[in-house]
Amino acid sequence: MYQINKDTKTCGYQVTMPFPTEKPRLIYWGVCGRADFCQLAMYAGSVNYDLDTDKANTWPSFKNETPFGVLPVLVHGDLELTQGGAVNRYCAKLGGIYPDDPVEAAKVDMIHDQCQDIFDKIFITLKPTDKEGKIEAWKTLREEVLPAQFALLEKYLEKSGKPYFGGDEPNAADVYFYAVYGIYEHSEMGAAEILENYPKLKGTTEGVKEMGRVKEWVRGVAYFHSDPERPPPF
Ligand SMILES: N[C@@H](CCC(=O)N[C@@H](CS)C(=O)NCC(=O)O)C(=O)O
């Protein structure tokens, strides 16, 4: 059930497990949010998958049958995978945009986790129940959080001397940034204007748009939206 390839570089043996042959099925709602990371990884790697919104829309009817009671869940053959980090990495591997080299892979994981931290900040907008509080939360993101986070990533790129997080070519790390940037952009909070101040970071987003089928990607309904009077879609 697996292939063994002689790895001349390490003088060892590499065991390559084949992926299940079935089409992956991602169970998530049709919204722009947490599942954008794995979906974009699959678009960038030209992986065909089904987004099972029908099942997701029956939530929480099957909550107790999922591994840890949350979505997204990716079903691929006998594999039932949850937890964003694991799902995002698996989808990047499926698409061939995740490096084999352990050092390069660790860098991708680092950028992934940084992008998840940036994503997590958006939840501050859900806490206030009043209009003023919501406006203030989006202002904090616009004026403090995103500029500070983008500046850190820009500095990282400058120091690397490379155009992409992936080096000379974009890889999963660039896709993950594109995903989190897109979630903010889709909220109409002014992320595109902020990104203009970080040319190297902006360059990575241009590179990602050229990967696989990314140009065909259509984001779901904005779950997070900067209009304080617009309620979440559900
Ligand atoms: N650490 C998990 C968090 C997953 C999570 O919080 N999922 C939310 C949707 S974004 C969920 O399933 N909410 C419904 C619920 O908790 O019942 C991950 O990264 O996947």
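Both counts, for ligands and for their atoms, begin at 1 and track the order of listing.
A salt bridge links Asp52 with Arg25: at least one charged nitrogen is closer than 4.0 Å to a carboxylate oxygen.
Aromatic ring pairs are classed by plane angle as parallel below 30°, tilted from 30° to 60° and perpendicular above 60°; the pair Phe165 and Tyr156 is tilted. Ring planes of Tyr49 and Tyr43: perpendicular class, angle over 60° (limits at 30 and 60°). Phe119 and Phe224 have perpendicular rings, their planes meeting at more than 60° on a 0 to 90° scale where under 30° would count as parallel.
The protein non-hydrogen atom at the shortest distance from atom 14 (C) of ligand 1 is Trp59 NE1, 3.4 Å. For atom 2 (C) of ligand 1, the nearest non-hydrogen atom of the protein is Gln83 OE1, 3.2 Å. Scanning the protein for heavy atoms near atom 6 (O) of ligand 1, the closest one is Arg34 NH2, 3.7 Å. For atom 13 (N) of ligand 1, the nearest protein heavy atom (residue, atom name, distance) is Trp29 CH2, 4.3 Å. The protein non-hydrogen atom at the shortest distance from atom 20 (O) of ligand 1 is Gly84 N, 2.8 Å.
Residue Phe68 does not touch ligand 1, judged by heavy-atom distances below 4.0 Å.
The atoms of ligand 1 that sit less than 4.0 Å from any heavy atom of Lys63 are 15 (C), 16 (O), 17 (O).
Of the candidates Leu81, Thr82, Val31, Leu71, the one placing a heavy atom closest to atom 11 (C) of ligand 1 is Leu71.
Here Thr205 pairs with Phe177, Tyr178, Tyr181, Leu195, Lys202 under the side-chain contact (heavy atoms from CB on, under 4.5 Å) rule; sequence neighbours left out. Every residue was checked against the side-chain hydrogen bond (donor to acceptor under 3.5 Å, both in side chains) condition with Thr129, not counting sequence neighbours, and none meets it.
If you take CG on Leu26 and SG on Cys91, they are separated by 7.0 Å, rounding to the nearest 0.5 Å.
The closest approach between Tyr28 and ligand 1 falls below 4.0 Å for a heavy atom of the residue.
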